[in-house]
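Beneath this line is the structure, given in structure tokens, with notes to follow.
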Amino acid sequence: MRKLYFLSFLFSLFLSSCGAVINESISKNYSYLPIDAKIAILEVKHNVPANVEKLGFISFGDSGFSTDCDYYSNLSKARKRAREIGANIVKINQVTEPSIVSSCYRMNITFYKYDGDASQLPQISLKQN
């Protein structure tokens, strides 16, 4: 019986450790943005426009056994989260590429609400989700 509990524990530990580590801090929420609302994804080199409101941040890390943590997967998750909190700018602050230490892209991202036209900002292009 102990062996069964131990195997169940190991299996649940394995399943929970496959996801990337995501930490976030959201200070303000607005209403959910519809799927057709433009959300600009700004690279590290792009500047955030004036008169924006910071809503929070999110960071993507690696648990050691993480999957689904490539560059575009992380950005897609960040865009989805931005839509949920009403942010229309996703600003990448820092990116650490995969290496021997980690097979994941580790990223720090800030969410902003912008009253201007987000589609006019220089940005990365992702598929609609």
Side-chain angles (χ1 to χ4, degrees):
M1 191 65 161
R2 281 185 169 171
K3 194 175 194 178
L4 181 62
Y5 285 129
F6 181 71
L7 289 174
S8 296
F9 171 75
L10 284 179
F11 183 70
S12 63
L13 182 64
F14 174 74
L15 286 180
S16 66
S17 65
C18 290
V21 176
I22 300 174
N23 294 311
E24 72 172 36
S25 175
I26 306 301
S27 57
K28 191 166 186 183
N29 281 305
Y30 284 94
S31 47
Y32 186 92
L33 295 178
I35 194 72
D36 61 341
K38 181 64 179 168
I39 296 177
I41 300 176
L42 308 182
E43 292 187 85
V44 174
K45 66 182 178 183
H46 295 139
N47 294 320
V48 176
N51 67 0
V52 296
E53 180 181 3
K54 183 178 175 181
L55 302 184
F57 74 88
I58 191 167
S59 66
F60 296 93
D62 184 7
S63 66
F65 299 102
S66 299
T67 59
D68 193 29
C69 54
D70 64 85
Y71 188 78
Y72 290 103
S73 292
N74 286 346
L75 290 181
S76 189
K77 291 172 196 169
R79 182 177 61 187
K80 180 180 181 216
R81 186 63 179 127
R83 192 176 306 284
E84 293 169 354
I85 66 170
N88 58 351
I89 293 180
V90 171
K91 170 66 169 119
I92 303 167
N93 302 311
Q94 181 183 5
V95 177
T96 305
E97 294 185 0
S99 64
I100 291 176
V101 177
S102 172
S103 61
C104 289
Y105 274 88
R106 285 137 0 234
M107 306 173 97
N108 292 324
I109 293 172
T110 305
F111 299 118
Y112 295 97
K113 180 166 177 39
Y114 177 54
D115 290 330
D117 185 2
S119 67
Q120 299 302 311
L121 300 173
Q123 58 194 283
I124 297 172
S125 222
L126 293 180
K127 293 179 185 175
Q128 193 80 348
N129 70 348

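Everything numeric here is computed off the predicted structure, so don't read it as measured data.
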Original post:
Apart from Ile100 itself, what residues make up its hydrophobic cluster, given side-chain heavy atom links below 4.5 Å?
Top reply: none
Subject >> Pairing residues for Asn93 by the side-chain hydrogen bond (donor to acceptor under 3.5 Å, both in side chains) criterion, not counting sequence neighbours >> reply: Thr110
Original post:
If you group Ile, Leu, Val, Met, Phe, Trp and Tyr whenever their side-chain heavy atoms sit less than 4.5 Å apart, what else falls in with Val101?
Top reply: none
Subject >> Hydrophobic cluster (4.5 angstrom, side-chain heavy atoms) - remaining members for Val48 >> reply: Leu42, Val52, Ile89, Tyr112, Tyr114, Leu121
Original post:
What pairs with Ser119 under side-chain hydrogen bond (donor to acceptor under 3.5 Å, both in side chains), at least two apart in sequence or on another chain?
Top reply: Asp117
Original post:
So Asn51 and Asp115, side-chain contact (heavy atoms from CB on, under 4.5 Å) or not? Walk me through it.
Top reply: CA-CA 8 Å; Asn51 67 0; Asp115 290 330; 5.9 Å; no
Subject >> Approximate separation, where rounding is to 0.5 Å, of Phe60 CZ and Cys104 SG >> reply: 11.0 Å
Original post:
Within a strict 4.5 Å, meaning less than it, do heavy atoms of the Ile124 and Ile92 side chains meet?
Top reply: yes
**OP:** Might you confirm whether atom OH of Tyr32 has over 12 heavy atoms from other residues, nucleotides or ligands at distances under 6.0 Å?
**Re:** yes
Original post:
Rounded to the nearest 0.5 Å, how far does CZ of Arg83 lie from CD1 of Ile39?
Top reply: 3.5 Å
Original post:
Between Lys113 and Ile85, does a side-chain contact (heavy atoms from CB on, under 4.5 Å) hold up when you go through it step by step?
Top reply: CA-CA 9 Å; Lys113 180 166 177 39; Ile85 66 170; over 6 Å; no
Original post:
Looking at residues at least two apart in the chain, or sitting in another chain, which of them share a side-chain hydrogen bond (donor to acceptor under 3.5 Å, both in side chains) with Ser102?
Top reply: Asp62, Arg106
With a 3.5 Å cut-off and sequence neighbours excluded, list the donor-acceptor pairs that the side chains of residues 21-28 form with protein atoms.
unit_1 : atom_1 : unit_2 : atom_2 : d
Glu24  : OE1    : Arg81  : NE     : 3.0
Glu24  : OE2    : Arg81  : NE     : 3.1
Glu24  : OE2    : Arg81  : NH2    : 2.8
Ser27  : OG     : Leu55  : O      : 3.1
Lys28  : NZ     : Tyr30  : OH     : 3.3
Lys28  : NZ     : Glu53  : OE2    : 3.2

Original post:
Under the salt bridge (charged side-chain N to carboxylate O under 4.0 Å, His left out) rule, what pairs show up with a residue in residues 85-96, not counting sequence neighbours?
Top reply: none
**OP:** With sequence neighbours excluded, tell me which residues meet ring pair (Phe, Tyr, Trp, His ring centres under 6.0 Å) with Tyr105.
**Re:** Tyr71
**OP:** Give the cluster check for Phe57 versus Leu75: same hydrophobic cluster or not, with ILVMFWY residues linked at side-chain heavy-atom distances below 4.5 Å.
**Re:** no
Subject >> Residues in side-chain hydrogen bond (donor to acceptor under 3.5 Å, both in side chains) contact with Glu97, at least two apart in sequence or another chain >> reply: none
**OP:** Taking the side chain as every heavy atom from C-beta outward, state whether Lys38 and Gln123 have any atom pair closer than 4.5 Å.
**Re:** yes
**OP:** Taking all non-hydrogen atoms of both residues into account, name the closest pair between Ala118 and Asn88 and its distance.
**Re:** CB-O, 3.8 Å
**OP:** Can you see which heavy atom on Asn74 is nearest to which on Cys69, and at what distance?
**Re:** ND2-O, 3.6 Å
